Amino acid sequence: MRYVSTRGTAPSLPFDDVLLAGLARDGGLYVPETWPRLARTEIRKLRGLSYADLTARVIAPFVGDRIRESDLVKIAEDAYAGFGHSAVAPLKQLGADRWLLELFHGPTLSFKDYALQIVGRLFDHVLRQRGQRITIVGATSGDTGSAAIEACRDREAIDIFILHPKGRVSEVQRRQMTTVESPNVFNLAVEGTFDDCQDLVKAMFNDTAFRDRHRLSAVNSINWARIMVQIAYYFAAALALGAPERKLTFAVPTGNFGNVFAAYGARRIGLGIDRLIIGSNSNDILTRFLGGGVMETAPVVPTLSPSMDIQISSNFERLLFEYYRRDGRKLASVMERFRREGAVAFGTARWRRMRGLFDGYRLDDEETKEVIRQVHEETGELLDPHSAIGLKAGRELGGPGGSPVIAVATAHPAKFPDAVEDATGVRPQLPPRLADLYKLKEKMSVLPADLSAVQDFITTRLAGKVAA
Ligand SMILES: *Cc1c(COP(=O)(O)O)cnc(C)c1O
């Protein structure tokens with residue numbers, strides 16, 4: 001299996017190079033050269049597998065011959081062993097053919113763990129094969145930092161430095177990062193804002209000498225491997241509800257379009273999906289596009305669902321690539337126009353074709369809280385704000401012809417306790433395995449928002465670790 005760039009000019013690469021590369025050299029995103037295809041008989045054979053075995057089976061054709069399938073099984077078993085539910089990605093029934101796919105049983109209680117726990121191990125596996133080390137550097141306003149740290153902790157070939165704005169992330173979020181006890185994890189509390197942290201990270205990547213010396217890398221949401229691993233839970237849910245004999249609809253709260261693109265990927269490799277429903281908060285570039293056919297940027301506004309406070313959904317380019325019939329050069333010029341003008345339409349016929357599969361619904365903060373309150377009253381379940389948006393979008397738009405609707409729950413309610421308590425009067429509790437979070441010792445280094453101070457810190461910590 002090889003991968004091509006959505007902008008058509010970067011060289012095609014095998015899986016392991018795509019894993020380490022992130023963005024393609026022409027500014028595009030990597031996608032598989034062809035989608036593998038699982039026949040119905042093969043899909044039936046996936047029934048009853050453990051979640052780890054299912055994941056290994058689903059990702060094997062995407063990985064190709066670069067990693068042995070027996071190694072993928074070991075990696076997946078190890079990745080999901082510590083999850084807080086024996087089904088890993090359990091389905092909960094909320095009504096007649098209304099389901100919730102709970103993707104918050106990982107170490108940091110968000111769906112990002114499902115991919116990152118595998119991706120961290122894949123990085124380590126490939127790097128050790130090559131005798132190389134890398135240094136992951138990232139900035140976080142809260143959520144992604146902890147999932148990345150949990151994915152990279154204790155890995156032999158990786159060091160990870162995460163910058164967060166000092167005093168500006170919630171206590172749960174900070175503690176999820178700073179209480180991780182591992183010699184390769186470094187938390188930097190920067191005296192500044194999230195933008196300062198992001199600028200520092202960008203400056204480090206732009207400093208070629210520094211970047212090459214420490215082999216800087218990122219585990220951001222444009223990495224193909226994350227999408228690939230997420231395909232597995234769509235299969236798990238569909239198999240539990242009768243696939244491939246029955247088609248389904250998924251409703252997904254969406255920010256960068258990674259999660260819902262994985263659902264699209266599941267459909268491309270053979271899963272019967274009737275419709276994909278996108279839920280958005282007030283940062284609604286995608287639902288506006290689906291409604292009117294024009295994609296137009298707008299300033300980001302902060303909401304109760306901060307992981308979806310995004311202006312441009314980077315993974316949407318992967319979908320456009322398919323709807324441009326894989327003409328990367330044409331898409332490159334369209335994306336260039338979008339970057340220049342801040343607005344673009346992709347043609348009515350193309351938009352209609354997209355609308356044949358996708359639909360979108362938007363909720364503001366008040367509506368989100370109302371959904372959390374209602375669902376709690378009706379079912380006793382507490383939803384986090386992101387999950388509530390997906391669920392409501394699914395309820396409003398429904399599946400065609402009575403297709404069962406599965407809403408994807410992307411975070412545990414205890415990650416956003418204030419919003420949930422405000423809506424329901426009930427303060428959600430952390431699961432027992434995380435209950436000592438407030439007692440564990442924190443470890444972080446406070447640094448000024450100054451490039452040379454941060455670079456010196458990283459260089460000093462890495463001294464003595466052998467870079468190949
Ligand atoms: C990251 C995140 C999302 C958005 O997922 P995308 O793949 O970026 O669309 C939604 N909910 C939660 C809780 C998240 O952490």
Side-chain angles (χ1 to χ4, degrees), residues 29 89 100-117 119 138 140-151 169-170 172-173 176-177 219-234 250-266 276-287 289-290 300 303-319 358 360-363 368 371-372 382-394 407-417 419-420 428:
L29 279 64
L100 194 68
L101 175 60
E102 292 184 350
L103 299 180
F104 50 67
H105 296 286
T108 74
L109 308 180
S110 100
F111 86 95
K112 293 190 172 69
D113 291 329
Y114 287 71
L116 284 169
Q117 284 296 315
V119 170
T140 187
S141 56
D143 257 9
T144 40
S146 59
I149 285 174
E150 281 292 345
V169 299
S170 78
V172 182
Q173 290 174 330
Q176 282 191 314
M177 297 191 281
V219 281
N220 46 25
S221 73
I222 51 103
N223 196 304
W224 162 258
R226 285 178 64 172
I227 309 265
M228 164 190 95
V229 176
Q230 289 171 180
I231 292 175
Y233 47 70
Y234 291 103
F250 287 99
V252 188
T254 300
N256 247 325
F257 206 75
N259 202 359
V260 70
F261 188 76
Y264 173 84
L276 291 172
I277 296 171
I278 291 165
S280 67
N281 63 26
S282 302
N283 300 291
D284 59 350
I285 180 164
L286 286 173
T287 47
F289 164 69
L290 287 171
V300 175
T303 70
L304 293 176
S305 42
S307 300
M308 289 153 56
D309 291 347
I310 278 165
Q311 194 190 357
I312 294 174
S313 302
S314 38
N315 279 295
F316 194 64
E317 180 165 337
R318 288 191 156 109
L319 186 75
F358 290 91
Y361 191 83
R362 163 199 190 276
L363 278 82
T368 304
V371 176
I372 297 174
L382 292 175
L383 294 179
D384 100 281
H386 305 77
S387 308
I389 289 173
L391 180 124
K392 175 72 169 175
V408 175
T410 52
H412 191 284
K415 276 204 105 157
F416 301 92
V420 176

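Ligands are counted one by one from 1 in listed order, and the atoms in each one are counted from 1 as well. Fair warning: this is a prediction, and the values are worked out from it, not measured in the lab. All values below come from the heavy atoms of this structure, side chains included, with hydrogens, waters and symmetry mates left out.
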**Q** Put together the list of close N/O pairs, under 3.5 Å, between ligand 1 and the protein, could you?
**A**
residue  : atom   : partner : partner atom : Å
ligand 1 : 7 (O)  : G258    : N            : 3.2
ligand 1 : 7 (O)  : N259    : N            : 2.9
ligand 1 : 8 (O)  : N256    : N            : 2.7
ligand 1 : 9 (O)  : G255    : N            : 2.8
ligand 1 : 9 (O)  : N256    : N            : 3.3
ligand 1 : 9 (O)  : F257    : N            : 3.1
ligand 1 : 11 (N) : T410    : OG1          : 2.8
ligand 1 : 15 (O) : K112    : NZ           : 2.5
ligand 1 : 15 (O) : S307    : OG           : 3.4

**Q** Applying side-chain contact (heavy atoms from CB on, under 4.5 Å) to N259 and Y234, what does each step give before you reach the verdict?
**A** CA-CA 10 Å; N259 202 359; Y234 291 103; 2.9 Å; yes
**Q** Could you grab the distance from atom CZ of R362 to atom OG1 of T368, nearest 0.5 Å is fine?
**A** 9.5 Å
**Q** Identify all side-chain donor-acceptor contacts of residues 224-231 below 3.5 Å with residues at least two apart in sequence or on another chain.
**A**
residue : atom : partner : partner atom : Å
W224    : NE1  : Y3      : OH           : 3.1
R226    : NH1  : V219    : O            : 3.0

**Q** Is there a side-chain contact between L286 and F358 (heavy atoms, below 4.5 Å)?
**A** no
**Q** Can you check whether N281 reaches M308 side chain to side chain, under 4.5 Å on heavy atoms?
**A** yes
**Q** Starting from the C-alpha separation in whole Å, work towards a yes-or-no answer on side-chain contact (heavy atoms from CB on, under 4.5 Å) for F111 and V408.
**A** CA-CA 9 Å; F111 86 95; V408 175; 5.8 Å; no
